[in-house]
K.L.:
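Could you have a look at this structure, given as structure tokens, before my questions?
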Amino acid sequence: MTASAQDVAGDLADVRIGVVTFPGSLDDGDAARAVRLAGGSPVALWHGTHDLEAVDAVILPGGFSYGDYLRAGAIASFSPIMREIIDAARRGLPVLGICNGFQVLCEAGLLPGALTRNAHLHFRNRDQCLRIEARTAWTGDFEPGAEIVVPVKNGEGRYVAGAEVLAAVEAEGRVLARYVGANPNGSSRDIAGVTDSTGRIVGLMPHPEHAVEALTGPSTDGLGFFTSILASILGARAVSTG
Amino acid sequence: MTRVVVDVMLKTEISDPQGQAVLSALTKLGHQGVQAVRQGKRFELEVTDPVDEAAIRQIADTLLANPVIEDFSVHVQT
Amino acid sequence: MTRVVVDVMLKTEISDPQGQAVLSALTKLGHQGVQAVRQGKRFELEVTDPVDEAAIRQIADTLLANPVIEDFSVHVQT
Amino acid sequence: MKIDTVEAAGRTPDQEQPHAALGLRGDEYQRIRDILDRRPTSAELAMYSVMWSEHCSYKSSKVHLRPFGDLPSSERLMVGIGENAGVVDIGDGYAVTFKAESHNHPSYVEPYQGAATGVGGIVRDILTMGARPLAVMDPLRFGPPEAADTARVLPGVVAGVGGYGNCLGLPNIGGELVFDGCYAGNPLVNVLCVGVMRHEDIKLARAPGPGNAVIIFGSRTGPDGIGGASILASETFEDQKPTKRPSVQVGDPFTEKLLIECCLEIFAADLVVGIQDFGAAGLSCATTELASAGTGGMHVVLDEVPLRDQTMTCEEILMSESQERMCAIVEPDKVDGFLAICAKWEVRAAVIGTVNDSGRLTVEWRGEQIVDVPPRTVAHDGPVYERPLSRPDDQDALQADTPDRLSRPSSADELRDTLLGLIAHPNLADKTWVTEQYDSYVRGNTVLSQPEDAGVLRIDEQTHRGIALSTDGNGRYGRLDPYVGAQLAVAEAYRNVAVTGATPIAITDCLNFGSPEEPGVMWQFAESIRGIADACRELGLPVTGGNVSFYNQTGDVAIHPTPVIGVLGVLDDVRLRLRQGLGRAAGEQIALLGTTRAEFGGSQWAGIMHGHLGGLPPTADLAAEARLAGVLAQAAARQWLTAAHDVSDGGLAATLTESVLRYGVGAQISLPGDRFVALFSESAGRALVAGTAYGLAALEVACTEARVPVTRIGTVGGDELAIDGVTPIPLADLRTAWTDALPRLFGAVTPP
Ligand SMILES: Nc1ncnc2c1ncn2[C@@H]1O[C@H](COP(=O)(O)OP(=O)(O)O)[C@@H](O)[C@H]1O
Ligand SMILES: [Mg+2]
């Protein structure tokens with residue numbers, strides 16, 4: 001490694017990305033692995049505490065928090081750590097919700113709309129093509145309009161919102177990603193993910209953390225989400241210190 | 001057209017993990033007054049008149065409820 | 001102890017694939033009389049007396065229903 | 001209700017008891033009286049009756065399972081038959097445990113919950129060994145695909161397997177989907193779970209150390225699966241039919257997920273000396289098994305058991321089969337730490353008793369002694385039967401009715417139509433409709449899953465060590481010859497593991513049969529076990545454990561004998577695993593390994609095209625299977641091959657279809673000899689492989705040395721499956737035929 005490459009790796013490793021474990025979280029280990037493979041440092045966060053451990057960003061992972069009983073993500077959105085995350089997010093902490101994490105963000109009111117039972121009523125797991133549409137803290141490393149393949153797997157992934165909300169999300173360019181080809185769950189306007197107006201709070205139904213190694217994923221396209229946030233945080237640090 | 005409501009609940013002797021989860025969430029949120037919760041399904045059917053209540057019961061018994069684990073009740077709204 | 005029932009239904013503008021699946025099954029089975037079906041949830045709460053109805057409405061609004069997509073109604077059983 | 005105490009039982013020796021209604025024979029009841037030297041209390045009767053049932057005591061199968069124990073010892077085997085699950089050493093200090101279980105009858109009664117709780121049960125067996133559960137598999141068998149009952153049962157079973165497994169975060173890495181008229185009214189829902197731990201972390205089901213606490217944790221105990229116990233609750237035994245207590249259990253996968261994480265944290269902190277799950281027979285089973293394998297005594301205060309329903313009787317509590325519960329033996333100074341971890345995971349826990357060295361299991365309830373038994377007599381000294389067995393009368397006629405009389409396709413169009421017809425049958429068609437409902441990605445270590453021949457998991461991210469698993473069984477072969485059929489099941493699972501490049505190291509079994517009271521079924525059972533044991537001896541594999549499911553029959557018609565075999569293999573480096581699809585490398589050439597004979601007895605061709613079952617199954621040549629596996633392991637390690645796929649159901653036609661459709665790249669094939677035989681025979685011991693010119697040349701040398709026949713049969717490329725003498729099939733047509741079958745049958749959206 002050259003000296004500067006070492007510096008970059010060192011800087012990357014200084015970026016701390018929290019991964020929350022709720023009772024019933026399943027893809028927390030995968031999200032942590034993805035952060036690690038991107039060069040950052042994953043930090044395990046526990047639902048029952050109020051401690052964000054000074055992380056630079058947070059991932060709410062996939063799974064079935066509280067068994068998805070009641071509504072997916074509903075009970076988790078009231079957990080102690082979510083109170084801190086909601087506050088911090090409103091002050092600019094980047095947050096990515098994947099699948100169940102996306103459901104939690106919608107239930108917490110940080111993102112518009114809701115995720116409901118798939119139109120065909122089955123859990124569906126398949127390798128899915130997505131088009132990345134919005135440039136956010138979590139998607140900066142993708143070319144605008146980039147098409148990527150990552151797994152989608154959910155039973156309640158159908159994105160819905162009232163007509164006005166949908167129109168606003170479209171008009172403000174807040175569709176993070178759209179399903180290309182077959183829509184796996186009947187989501188309105190093929191929406192696979194949305195962002196808040198700042199581009200820091202982002203929710204995505206498919207699973208980029210399952211597409212970070214050629215050995216185990218359909219591609220390594222998912223890595224871009226994790227490298228993007230590391231770059232974005234390092235960039236913000238450079239601005240604030242430079 | 002008449003609205004008929006079919007309520008479907010797990011039999012009382014069957015465990016209801018969903019209701020349990022809601023109850024423990026309520027307890028954590030400090031709603032001490034709620035002592036028990038059971039979660040079931042509610043179907044609202046729009047039925048052409050005259051309503052054949054026996055037919056609705058049969059639909060409930062075969063399609064809307066799983067009689068092995070669930071009970072149902074039918075209410076014709078007037 | 002009083003039983004309070006909270007009914008939660010998807011808002012009419014949100015499509016309800018579960019209700020549609022029931023309807024299409026009914027149609028296939030020849031139950032022509034049923035014109036529309038919507039499926040929602042029913043919660044039965046056992047609440048200590050006296051029942052604070054405002055508190056129950058708040059529980060329904062924040063936890064039992066998601067107001068973005070669902071409406072609810074509360075019935076205290078007497 | 002009056003409590004039937006030990007003291008009362010001594011005082012009223014002549015009180016009538018409903019032993020027959022509980023499934024105990026007169027002589028069995030008398031044995032209980034002899035053991036106790038008095039009549040049992042009704043609580044004791046409850047315990048003996050469930051523990052001495054076929055399901056728990058293996059009373060009909062025990063004598064026949066002996067051949068497994070007689071197999072030569074294996075260096076890999078760390079824990080063998082008898083514990084909750086067997087454990088094998090896979091190297092680098094890792095131990096793997098795996099086991100399959102059946103949930104056939106419950107899944108017929110209530111498909112979703114039956115299948116879901118089946119997954120829950122086998123996962124707890126694996127957890128109980130001290131292992132982290134890693135993945136599940138689900139070998140499934142149903143009646144005819146178009147039958148109304150199949151439409152009722154199959155979608156529910158698949159949703160239940162997925163609903164529970166997905167919620168636990170366990171990837172589904174494979175299974176089976178078989179349709180046959182013999183399973184109408186008797187679907188087979190078998191589930192396998194695999195887990196991993198470090199060698200030093202293996203846990204056993206025993207309760208040593210007087211003074212240690214007995215802790216129940218997980219869900220509360222409710223009136224689940226205790227139809228029989230209510231008989232005991234009625235004051236008079238005139239009305240001896242089970243009351244409305246449900247026999248169906250509802251699964252709570254969320255609680256089980258918490259139980260898994262909670263247990264793993266408890267194991268890591270070294271807080272238990274013994275652990276057992278609550279499976280069939282609930283508390284009766286866990287307490288007697290733990291006690292008899294430990295210091296020998298235990299006292300339980302039943303009032304301490306957390307209940308879901310306060311009206312339960314003591315007999316019902318002892319027999320309850322409520323899911324998601326575990327029992328741990330904990331040293332007194334570790335109880336607080338144990339309970340703290342339970343609290344962290346919001347898992348309910350209660351100390352319900354103490355271990356002692358009295359040699360007795362005593363249970364008290366509301367201040368009265370209701371049980372006082374030697375635990376061993378309940379758990380291990382159940383009746384053992386040598387049931388009569390005899391070869392069925394129709395066996396000779398069945399074997400004499402060979403498929404030779406069936407008309408065969410010969411023209412190019414007929415051969416094409418036969419191929420398309422076969423691969424469009426649900427038995428051979430694309431299984432995506434099922435597997436799409438399962439999470440295969442969770443945990444991020446799934447290297448191969450459906451539609452590959454075996455599931456492959458990475459065990460260690462640094463060393464790349466991994467395992468491969470396949471389950472297989474073929475009831476049609478078993479019906480024609482249960483001995484050979486069982487050997488073929490072992491051979492197929494072994495081969496499916498081998499084609500990934502893994503080295504098979506151990507097997508488990510799930511034996512699905514009709515009624516043991518029928519001599520013909522008992523003969524099938526004994527023959528099958530002999531077949532499995534002989535196959536394992538020849539392949540050098542230990543049997544790590546298994547499961548027996550009897551009474552799979554409708555009226556007096558039994559299912560085909562269906563031993564389902566799970567084979568575990570090891571890959572030193574999972575990055576070198578082989579996959580089934582053609583077209584990943586330029587200039588691939590194709591070869592067929594093994595010997596093709598004209599073998600059509602029990603074949604899919606005979607069944608699908610002619611509705612025929614007769615003759616003899618294919619030859620089972622285990623030595624040839626072992627040689628084939630050796631060559632494949634060598635080829636994978638040396639990276640000679642770009643693809644490998646075994647040949648089994650549906651013959652080479654099915655294998656080629658799957659290989660070209662995997663990545664949508666065609667092939668030009670030219671087959672030696674009779675094309676019909678080459679395409680549709682189900683001779684065992686074969687695999688299709690592909691590689692570059694260099695790779696295949698190297699493979700040929702190795703094959704010659706290993707005496708594995710190798711035949712070049714074609715090249716990869718284009719957008720057709722073009723076989724000499726068969727009308728070429730555009731891949732698009734092939735895909736439509738193969739993928740449409742299941743959605744056409746089950747695609748209609750069904751309410752949950
Ligand atoms: N019920 C099931 N659950 C999960 N995977 C299944 C199921 N049925 C079939 N599969 C998978 O589909 C693929 C094709 O099945 P099959 O043709 O039976 O394989 P094989 O012939 O190699 O044993 C395999 O990967 C198998 O594991
Ligand atoms: Mg295979």
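In what follows, chains carry the letters A, B, and so on, assigned in the order in which the sequence lines appear, proteins first and then strands, with residues in each chain numbered from 1. Just so you know, these numbers come straight off a predicted model, no measurement behind them.
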K.L.:
Heavy-atom distance under 4.5 Å to chain C: side chain of B/Q58, backbone, both or neither?
P.N.:
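Contact with chain C is through the side chain of B/Q58 alone.
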K.L.:
For C/L26, is it the side chain, the backbone, both or neither that has a heavy atom under 4.5 Å from a heavy atom of chain B?
P.N.:
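Both parts, backbone and side chain.
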K.L.:
Do the non-hydrogen side-chain atoms of C/V37 and C/Q20 ever get within less than 4.5 Å of each other?
P.N.:
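Answer no - side chains too far apart.
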K.L.:
Which region of B/L64, side chain (C-beta onward) or backbone (N, CA, C, O), has a non-hydrogen atom less than 4.5 Å from a non-hydrogen atom of chain C, or is it both or neither?
P.N.:
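Contact with chain C: side chain only.
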K.L.:
Which residue pairs pass the side chain to side chain donor-acceptor pair (under 3.5 Å) test when at least one of the two sits in residues 42-53 of chain C, sequence neighbours left out?
P.N.:
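Passing the test, one end in residues 42-53 of chain C: B/D7-C/R42, C/T2-C/D49, C/R3-C/E44, C/R3-C/E46, C/R42-C/E44.
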K.L.:
Below 4.5 Å, heavy atoms only, C-beta onward: do B/D71 and B/M9 meet side chain to side chain?
P.N.:
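Not touching, per the 4.5 Å side-chain cut-off.
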K.L.:
Restricting to side chain to side chain donor-acceptor pair (under 3.5 Å), what partner residues turn up for B/K28, sequence neighbours left out?
P.N.:
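For B/K28 the side chain to side chain donor-acceptor pair (under 3.5 Å) partners, ignoring immediate neighbours, are A/Y66, D/E346.
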K.L.:
Among the options C/V5, C/V6, C/V34, pick out the one with the most heavy-atom pairs lying under 4.5 Å from chain B.
P.N.:
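Option with the greatest count: C/V34.
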K.L.:
Heavy-atom distance under 4.5 Å to chain B: side chain of C/L45, backbone, both or neither?
P.N.:
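Both parts, backbone and side chain.
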K.L.:
Less than 4.5 Å apart, side chain to side chain, heavy atoms only: is that true for C/E70 and C/K41?
P.N.:
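Yes; the side chains approach each other to less than 4.5 Å.
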